[in-house]
2 protein chains.
Amino acid sequence: MKILLVEDDQLLANALSIALTRESYLITHVTTAKEAINQIKYTEYQSMILDLGLPDMDGIDVLKRIRKQKIDLPILILTARDSIEDKIKGLDLGADDYLSKPFEVPELLARLRVIERRLGTANSALITIKNVTFDTRANVVTVDTHPLVLSKKEYLVLKALVENAGRIQSREQLEAKLYEWQDDIASNTVEVHIHHLRKKLPANFIKNIRGIGYSIDKA
Amino acid sequence: MKILLVEDDQLLANALSIALTRESYLITHVTTAKEAINQIKYTEYQSMILDLGLPDMDGIDVLKRIRKQKIDLPILILTARDSIEDKIKGLDLGADDYLSKPFEVPELLARLRVIERRLGTANSALITIKNVTFDTRANVVTVDTHPLVLSKKEYLVLKALVENAGRIQSREQLEAKLYEWQDDIASNTVEVHIHHLRKKLPANFIKNIRGIGYSIDKA
DNA sequence: AACAAATTTAAGCTAATTTTAAGTTACATT
DNA sequence: AATGTAACTTAAAATTAGCTTAAATTTGTT
């Protein structure tokens, strides 16, 4: 899951970036509203963590602007403003969740998982398909209780497929989930990762639908 | 929106019922886990407000049970347990939000509105015609629950027809949807694709209107 | 800095799809 | 019923997507 972190407090932002990266989220960090608005034009994020106290513009206005454009991006507000009025305003203007500072990182992570779960329609922390178990919490994949050793990219590809089990993910969609910006991937990386994954997974686990994409059967 | 309020504290439950009814939610109030589980069997609620400290069973187990049955009911936990561990547990077990007591009613209302808003925008595009189901989101076509294997162009032709069921699509219109730019298709590709599609679909599913084009009956 | 691991690039290969084209059948109008 | 046209069928040729492999490059670690 790609997350756009909009936070001008460098210290907090760094701590969060590290914590979130450890959970294998892809973090892009910006410090101003302007950058945030610009960023979502170019990259498709699955979630935004938005601080309200930004130097150039009120975070609430960023929220307004995004919703006005009917961009359906889950937004979690993270702010020092903890008055009930502020919370209500934030939530009613289209935020999906509201956490006031000081907050505990594990709670933020849990609330992000709620967002993530909702995006992937039907995935909890533990997803089991055939004899493969995918623990999005611990970032561990097991086949018949044997843990799989996956590289980061392999993990991300598999995760995207598992979270969308039953649906087809195009190569472009998978690429988008692998790279921060639409990097100039003029190559067949995804295919290579799929190839490596298949060596580690049961036969026919990852299916290809020619011309359309890859998928994993639901259950 | 119909809400099932599961709360054994009569005083709080009454206050909430009044507040929620005033917001024109339809409230059913039960005081035990047993009643709650029973209730959702008979009535379709759009949301559940769940207290964890119930007399007969831990609310967490109610949550577990509901999620185990893959019931996709938004659940907001409302409880005195405000430790981070409890929050994380609740959220990871499938709760959509977590509010610890004491809380302010307006915040609860705002969080309910978030749930309500989300319910309005969570449907995948499913088109069903006779015994053929077309999921434009998942790129999957099923005939009597059997998935169809379609090539990309076949899929696109069928999609164009299904999305315009009841109307006639000329060969030119179909071609336009198969090719980015009016490539010099001086051939009968569309006819060939239709031919292949017909082999995979029920008889007479795709009709031809001589001299005009192809169509699929609506419903 | 050196090493190992991970990732990307590139190229050859195979098999499936798509296009082409030609022959056949069905339709509508006279 | 004959005719011209449209649609259907079939098979081959052309194209392309995906698999595999190996080498090149990048990244991360000691």
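Order of the sequence lines sets the chain letters (A, B, ...), proteins ahead of strands, with each chain counted from 1. Only a predicted model underlies this, so the values are computations on that prediction, with no experimental measurement involved.
Under 4.0 angstrom from either OP1 or OP2 of C/dT19 there lies at least one side-chain N or O belonging to B/Tyr179. Between B/Ser151 and C/dA16, a side-chain N or O to OP1/OP2 separation shorter than 4.0 Å is absent. Contact check, B/His193 against C/dT19: a side-chain N or O comes under 4.0 Å of OP1 or OP2. Proximity of A/Tyr214 to the phosphate of D/dA17: no side-chain N or O atom is located under 4.0 Å from OP1 or OP2. Close to D/dT9, at under 4.0 Å from its OP1 or OP2, lies no side-chain N or O of B/His196. A sub-4.0 Å separation between OP1 or OP2 of D/dT9 and a side-chain N or O of B/His195 is present. Note on A/Arg210: every side-chain N or O is 4.0 Å or more away from OP1 and OP2 of D/dC19. In terms of phosphate contacts, B/Arg198 brings no side-chain nitrogen or oxygen within less than 4.0 Å of OP1 or OP2 of D/dT9.
Closest to the side chain of A/Thr189, out of D/dA7, C/dT9, D/dC8, is C/dT9. Looking at the side chain of A/Val192, the nearest of the listed nucleotides D/dC19, C/dT9, D/dT10 is C/dT9. Closest to the side chain of A/Ser187, from the set D/dA7, C/dT17, C/dT9, is C/dT9.
Contact of B/Asn188 with C/dT18 (side chain to base): no donor-acceptor pair of N or O atoms is detected under 3.5 Å.
The interatomic distance linking B/Lys153 (NZ) with C/dT19 (P) rounds to 5 Å, in whole Å. If you measure from atom CD1 of A/Ile209 to atom C1' of D/dA17, you get 13 Å, rounded to the nearest angstrom. What separates CZ of A/Arg171 from P of C/dT8 is a distance of 14 Å, to the nearest Å. Rounded to a whole Å, the CG atom of A/Asn208 is 15 Å from the P atom of C/dA15. If you measure from atom CD of B/Glu191 to atom P of C/dT19, you get 13 Å, rounded to the nearest angstrom. Computed from coordinates, the A/Ile206 CD1 to D/dC19 P distance equals 10 Å when rounded to whole Å. Across the protein-nucleic acid pair, A/Gln169 atom CD and D/dG18 atom P stand 14 Å apart, rounded to whole Å. Atoms CD (B/Glu154) and P (C/dT17) sit 7 Å apart, rounded to a whole Å.
Nearest heavy-atom pair, B/Ala160 versus B/Leu174, reported as atom, atom and distance to 0.1 Å: CB-CD2, 3.7 Å.
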Tell me, with the steps shown, if A/Val62 and A/Val6 meet side chain to side chain contact (heavy atoms under 4.5 Å, CB included).
CA-CA 10 Å; A/Val62 176; A/Val6 189; 6.0 Å; no
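Using a 4.0 Å cut-off between charged nitrogen and carboxylate oxygen, A/Glu104 and B/Lys87 do not count as a salt-bridge pair.
Taking the centre of each ring, A/Tyr155 and A/Phe134 come in below the 6.0 Å mark.
For the pairing with A/Asp58, the salt bridge (Lys or Arg N to Asp or Glu O under 4.0 Å) check across A/Lys64, A/Lys89, A/Arg81 returns one residue only, A/Arg81.
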